[in-house]
Colleague: 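Here you go, one structure.
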Amino acid sequence: MALSIIVRNGTVLDGRGSRPIQADVAISGDTIVEVGAIGEVPGATEIDARGCMVAPGFVNVLSHSYFTLQQDPRGLSDLYQGVTTQIFGEGVSLGPVTGVMTPAMLGLGAIPSGVQSHWTRLRHFLETLEMAGVGFNVASFVGAANLRMAVAGNDERPLTDAELAAACALLDEELESGALGVGSALIYPPGSYADTEELRAFSRVLAKHDAVHISHLRSEGLRFLESVEELIDVARTTGARAEIYHLKAAGRAHWYKMARALELVDSARADGVRITADIYPYEAGNTRLSASLPPEFRSNDSEKLRAHLASTIDRAEIRSRMSREDENWENLFAASGGGEGVTILSPVPSLGVRGGETLASIARRLGHSDPVESVLAVLDALPGAEAAYFIATEENTRAAFERPWVSVGSDADALSTGELFSGQAAHPRSFGTFARILSRYSRGDGGQTIEECVRRMTSLPAENFGLGDRGYLAPGAIADLAIFDPHRIEDRATYDNPAVYAVGMRHVLVNGKPALSDGAPTGELAGRALRRSRRSGGAGC
């Protein structure tokens with residue numbers, strides 16, 4: 001077998017947590033064929049990895065790059081961090097859009113020019129990315145909201161038996177086509193309309209395929225522990241795998257609950273429940289500013305939202321309800337502590353708002369005595385405004401990352417610093433998540449070895465999600481590689497200046513093709529649409 005690439009003189013991390021070794025890595029086509037001392041091979045391209053660590057490419061378990069990769073398929077903010085696989089599907093997915101569901105029900109806001117927003121089947125979306133050329137491997141969960149909307153639209157009610165059967169049949173079809181499982185977002189409508197029995201029904205289908213129910217919990221604050229228990233119960237009673245998206249306790253009043261949440265998951269795992277979680281290493285989450293409103297006042301339709309804002313009665317109720325937590329909905333404004341804890345990420349020129357300004361600062365400038373008035377003013381000017389909510393604590397994130405069952409996702413777009421995305425709201429996690437783990441969580445007081453940090457970003461998610469021959473570095477594995485300087489790898493993005501690439505990544509290979517070479521993008525688009533590999537039920541996680 002002819003060798004195409006030899007990575008020389010690197011410190012190899014196998015992705016499975018083994019101690020680093022000094023070795024060369026030989027690649028033929030898209031496959032690793034040898035790890036060890038490799039002699040001269042005429043005609044092979046050589047990559048000098050002296051001073052660098054050679055690891056499997058990183059798996060971003062929570063990506064929202066379904067639009068940005070259509071705009072710029074290089075995904076540079078993730079490429080500069082060593083990501084080689086993007087996974088979509090938190091709550092909604094770009095397919096299937098079928099039955100009574102309309103594309104508008106996806107609620108993805110303004111669609112960029114030249115971007116396709118929906119497909120009748122999920123695999124068609126992934127295949128379209130591959131055929132057009134994409135810099136990463138791509139895979140996806142089926143949005144639980146898609147399954148519900150296909151049979152019941154946006155109706156706020158339990159599904160009938162017939163509707164639930166039809167949704168389960170659609171899920172079964174998508175799993176047969178390679179979907180990773182189901183992704184639910186139980187905090188946002190219409191995902192929040194699903195009762196526990198609906199989730200169990202989907203998970204019973206997942207169990208037959210040994211697939212995963214990955215979930216943004218119903219609550220990360222007031223009902224955080226009850227929400228963790230709900231997902232554990234669904235996994236326990238159905239036998240399906242489960243994962244908690246971006247595990248955190250939201251709001252200072254609830255930070256103490258993280259210790260108990262970790263105990264609940266540890267106990268369930270000890271009982272044989274196959275449940276895992278992922279995190280992003282930031283104290284602020286990111287979603288639309290409109291998500292801070294009580295649910296009945298939110299709308300993806302700008303005119304409907306503005307109608308609520310123009311109503312004196314509605315404004316008074318919004319002000320009253322946003323001032324306190326409520327067990328019936330997740331109040332992100334209250335969880336953030338109000339004006340100082342919410343940062344507007346979207347520039348709003350008509351109000352003089354720059355990206356990275358807090359609501360408290362905006363309120364002072366505009367003369368608002370109550371920062372809720374600033375929320376309403378920003379939404380009236382820009383209904384789709386994005387915000388960062390400072391709801392978590394790094395102490396809790398580090399405590400979660402001590403668990404061997406916790407992986408990593410950015411919960412963000414893959415962007416570039418060029419003109420294409422200028423003016424687009426960005427959270428620093430787009431540019432820094434994986435580099436931040438490698439620098440802050442494996443150096444100094446991070447508490448994890450570099451090999452363990454790499455395992456969390458490679459073999460752990462690959463094995464959990466059924467990605468087969470990826471996520472590890474050994475003969476027979478696909479040659480997705482991240483080659484980095486462990487002393488220089490670092491995130492540079494901040495809330496005030498988020499669009500700054502990470503440093504320290506030297507080379508990235510995707511399916512054996514160099515996408516980053518000597519720290520510079522090559523333009524190679526070798527990514528593939530991935531299917532969940534078939535495996536027998538009961539495998540460990």
Side-chain angles (χ1 to χ4, degrees), residues 61-64 66 87-97 101 105-108 122 139-159 163-164 167-168 170-172 174-175 179-207 209 211-221 223-224 226-248 250 261 265 273-278 285 287 291 295 329-330 407 409 411 461 464-465 532:
V61 305
L62 176 48
S63 171
H64 291 295
Y66 28 77
I87 297 178
F88 313 119
E90 183 191 14
V92 296
S93 52
L94 298 195
V97 176
M101 183 183 183
M105 290 179 187
L106 285 170
L108 297 174
L122 181 56
S140 185
F141 292 90
V142 178
N146 294 58
L147 301 172
R148 161 173 269 273
M149 290 187 291
V151 297
N154 275 323
D155 291 356
E156 184 177 359
R157 59 174 175 78
L159 299 182
E163 289 169 340
L164 189 54
C168 287
L170 179 58
L171 171 58
D172 189 69
E174 290 288 352
L175 293 170
L180 303 183
V182 164
S184 63
L186 304 176
I187 182 177
Y188 304 116
S192 58
Y193 304 157
D195 58 19
T196 305
E197 185 48 46
E198 184 175 321
L199 304 180
R200 283 199 189 96
F202 292 158
S203 288
R204 282 191 284 269
V205 179
L206 295 171
H209 294 265
V212 179
H213 175 194
I214 188 167
S215 183
H216 181 147
L217 300 174
R218 288 192 195 277
S219 171
E220 296 172 331
R223 295 174 293 125
F224 176 43
E226 295 88 340
S227 298
V228 172
E229 289 172 333
E230 179 186 36
L231 187 62
I232 290 172
D233 177 68
V234 168
R236 189 190 303 276
T237 57
T238 64
R241 294 171 180 258
E243 176 150 326
I244 300 170
Y245 270 135
H246 44 60
L247 176 62
K248 59 183 175 294
V265 177
V273 178
R274 296 179 299 163
I275 182 167
T276 52
D278 54 75
T287 189
W329 63 287
E330 194 86 337
S407 59
D411 196 7
N464 285 344
F465 301 160
R532 177 182 43 80

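As the structure is a prediction and not an experimental result, all values here were calculated from the model.
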Colleague: Find the distance between OG (Ser184) and CG (Leu231) and round it off to the nearest 0.5 Å.
Modeller: 7.0 Å

Colleague: For a 4.5 angstrom cut-off between non-hydrogen side-chain atoms, does Arg223 reach Leu217?
Modeller: no

Colleague: So, for Ala235 and Ala242, which heavy atoms are closest and what is the spacing to 0.1 Å?
Modeller: CB-CB, 3.9 Å

Colleague: Under a 4.5 Å cut-off applied to non-hydrogen side-chain atoms, are Glu230 and Leu186 in contact?
Modeller: yes

Colleague: If you compare all heavy atoms of Arg157 against all heavy atoms of Ala152, which two are closest, and at what distance to 0.1 Å?
Modeller: NH2-CB, 3.7 Å

Colleague: List the atom of Ala194, the atom of Leu199, and the distance in Å for their closest heavy-atom pair.
Modeller: CB-CD2, 4.3 Å

Colleague: Rounded to the nearest 0.5 Å, what separation is found between the CG atom of Leu171 and the CG atom of Asn146?
Modeller: 11.0 Å

Colleague: Between Pro158 and Glu197, is there a side-chain heavy-atom distance shorter than 4.5 Å?
Modeller: no

Colleague: Using a 4.5 Å cut-off on heavy atoms from C-beta on, say whether the side chain of Leu159 contacts that of Asp195.
Modeller: no

Colleague: Can you find a heavy atom in the side chain of Glu198 that is under 4.5 Å from one in the side chain of Leu147?
Modeller: no

Colleague: Go through Val212 and Arg532 one step at a time and tell me if the side chain to side chain contact (heavy atoms under 4.5 Å, CB included) criterion holds.
Modeller: CA-CA 10 Å; Val212 179; Arg532 177 182 43 80; over 6 Å; no

Colleague: Under the side chain to side chain contact (heavy atoms under 4.5 Å, CB included) criterion, do Arg241 and Thr276 qualify, and how do the steps go?
Modeller: CA-CA 8 Å; Arg241 294 171 180 258; Thr276 52; over 6 Å; no

Colleague: Closest approach of Leu180 and Ala139, non-hydrogen atoms and distance?
Modeller: CD1-CB, 3.8 Å

Colleague: Looking at side-chain heavy atoms only, is the closest gap between Asp278 and Ile214 below 4.5 Å?
Modeller: yes

Colleague: Test of understanding: with side-chain hydrogen bond (donor to acceptor under 3.5 Å, both in side chains), list the residues that count as partners of Ser219, not counting sequence neighbours.
Modeller: Glu330

Colleague: Can you check side chain to side chain contact (heavy atoms under 4.5 Å, CB included) on Ile244 and Val265, steps first, answer last?
Modeller: CA-CA 10 Å; Ile244 300 170; Val265 177; 4.2 Å; yes

Colleague: Assess the residue pair Met101 and Leu106 against the criterion (side chain to side chain contact (heavy atoms under 4.5 Å, CB included)); give the C-alpha distance rounded to whole Å, side-chain angles, the decisive distance to 0.1 Å, and a yes or no.
Modeller: CA-CA 9 Å; Met101 183 183 183; Leu106 285 170; 3.5 Å; yes

Colleague: Looking only at heavy atoms, which two atoms of Glu163 and Val151 are closest? And how far apart?
Modeller: OE2-O, 3.5 Å

Colleague: To the closest 0.5 Å, what do you measure between CG (Leu175) and CG (Leu170)?
Modeller: 9.5 Å

Colleague: Give, for atom CZ of Phe224 and atom CD of Glu229, the distance between the pair rounded to the nearest 0.5 Å.
Modeller: 10.5 Å

Colleague: Can you name the residues that form a side-chain contact (heavy atoms from CB on, under 4.5 Å) with Ala240, not counting sequence neighbours?
Modeller: Ser203, Leu206, Ala207, Thr238

Colleague: Would Asp233 and Arg200 pass as an ion pair if we require N to O under 4.0 Å?
Modeller: yes

Colleague: If you look at every heavy atom in Thr196 and Val234, which pair is closest and at what distance?
Modeller: CG2-CG2, 3.9 Å

Colleague: What donor-acceptor contacts under 3.5 angstrom involve side-chain atoms of residues 89-96, with partners at least two apart or in another chain?
Modeller:
unit_1 : atom_1 : unit_2 : atom_2 : d
Glu90  : OE1    : His64  : NE2    : 3.1
Glu90  : OE2    : His216 : ND1    : 3.0
Glu90  : OE2    : His246 : NE2    : 3.1
Ser93  : OG     : Gly95  : O      : 2.5
Ser93  : OG     : Gly143 : N      : 2.9

Colleague: Just one of Phe88, Phe202, Tyr66, Phe465 clears the ring pair (Phe, Tyr, Trp, His ring centres under 6.0 Å) bar with Phe141, so which one?
Modeller: Phe465

